[in-house]
Amino acid sequence: MHPAHPPEDREMELREHLAELKSRTTRVLIVIVAGMAIVFQFSSELIKRFWMDVFREELDMVVYTPTEWIMARLAFSFVLTFFVAYPYIVYELYLFAKPGLYEHERKFVKTFLPFSYLLFLLGTALAYFVVIPKLYGLATSSYLGAEPFLSVKKTLYGAFKIFLAFGLAFQIPVLAVIAVRIGLIDSKWLKEKRLIIYIAVFILATNVTLDITGLSQIVILGLVVVMYELSIAIAGLMEGKRENGMRTRRAV
């Protein structure tokens, strides 16, 4: 039997919750700003390398406004810093939620946090090495002799959105497992909401990626479907083991 309340759970005023949230958010922002300041110094060369990795051929980088190159460097610095600081950001979120969790729930969440980061990296790596080069390769293929002139900022922004979509999509199984483990949802809930989530993801992908060919939306939706169905299967296995454990205890 677990205690009625988590060991550190206590009534907190809204002001205290907001103060703690502000404190943790401030620490995260300090880390991100410091990281951006470091990465920005090397961002020009990193963007050029990124450009070659994505297009796999020499295409000119075009800027259409005086500030576009600076904004592209800032955006690149933020995204790279976010990838590196992601474990710390998740850890701060865990510390914020920790007082409301039981000891066994804390251990379970801490066990899965490293998997969360690994899956995040796996999703972004899939986007970086496979999906984006394929999509951008199709978009820049010669058409009736026309030569592409690509805006650096818009091209990077489009790639970053796909990175984020893939990274977050790979978080679905981890989040589902944690939510099922602490009793927030179950496999039945996941099954009932799947159609709504698939429609919402497609609409969101359509507005985020701005790909008129529809290829990126289909790829993202397909990935979400695979991850979501995997989550349902894992949730079902967890519930089956839980029921077997309860029967065993009753029999004893």
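- Listed by chain and residue number, Arg194 satisfy the salt bridge (charged side-chain N to carboxylate O under 4.0 Å, His left out) test with Glu229 (two or more places apart in sequence, or in another chain).
- The main-chain N or O of Gly123 is never found under 3.5 Å from a side-chain atom of Tyr128 such that the two would form a donor-acceptor pair.
- For Trp51 (side chain) and Met61 (main-chain N/O), no donor-acceptor pair under 3.5 Å exists by modelled atom type.
- Between Tyr86 and Tyr117, the ring planes lie parallel to each other; the angle is under 30°, not in the 30° to 60° tilted range.
- The distance from atom CG of Leu156 to atom CG of Leu150, rounded to the nearest 0.5 Å, is 10.5 Å.
- Tyr88 and Val31 make their closest contact through CE2-CG2, 3.7 Å (heavy atoms, listed as atom of the first residue, atom of the second, distance).
- No donor-acceptor pair closer than 3.5 Å links the side chain of Ser23 to the backbone N or O of Ala19.
- Electrostatic pairing of Arg24 and Glu20 counts as a salt bridge here, judged by a charged N lying under 4.0 Å from a carboxylate O.
- Side chain of Thr81 to backbone of Met36: a donor-acceptor contact under 3.5 angstrom is found.
- Two rings, from Phe120 and Phe170, have their centers 6.0 Å or more apart.
- Within 6.0 Å of the OH atom in Tyr91, the count of heavy atoms belonging to other residues, nucleotides or ligands does not exceed 12.
- In this structure a side-chain-to-backbone donor-acceptor pair under 3.5 Å is present from Glu68 to Val152.
- A distance-only check finds no donor-acceptor pair linking the side chain of Asp60 to the backbone of Val62 [under 3.5 Å].
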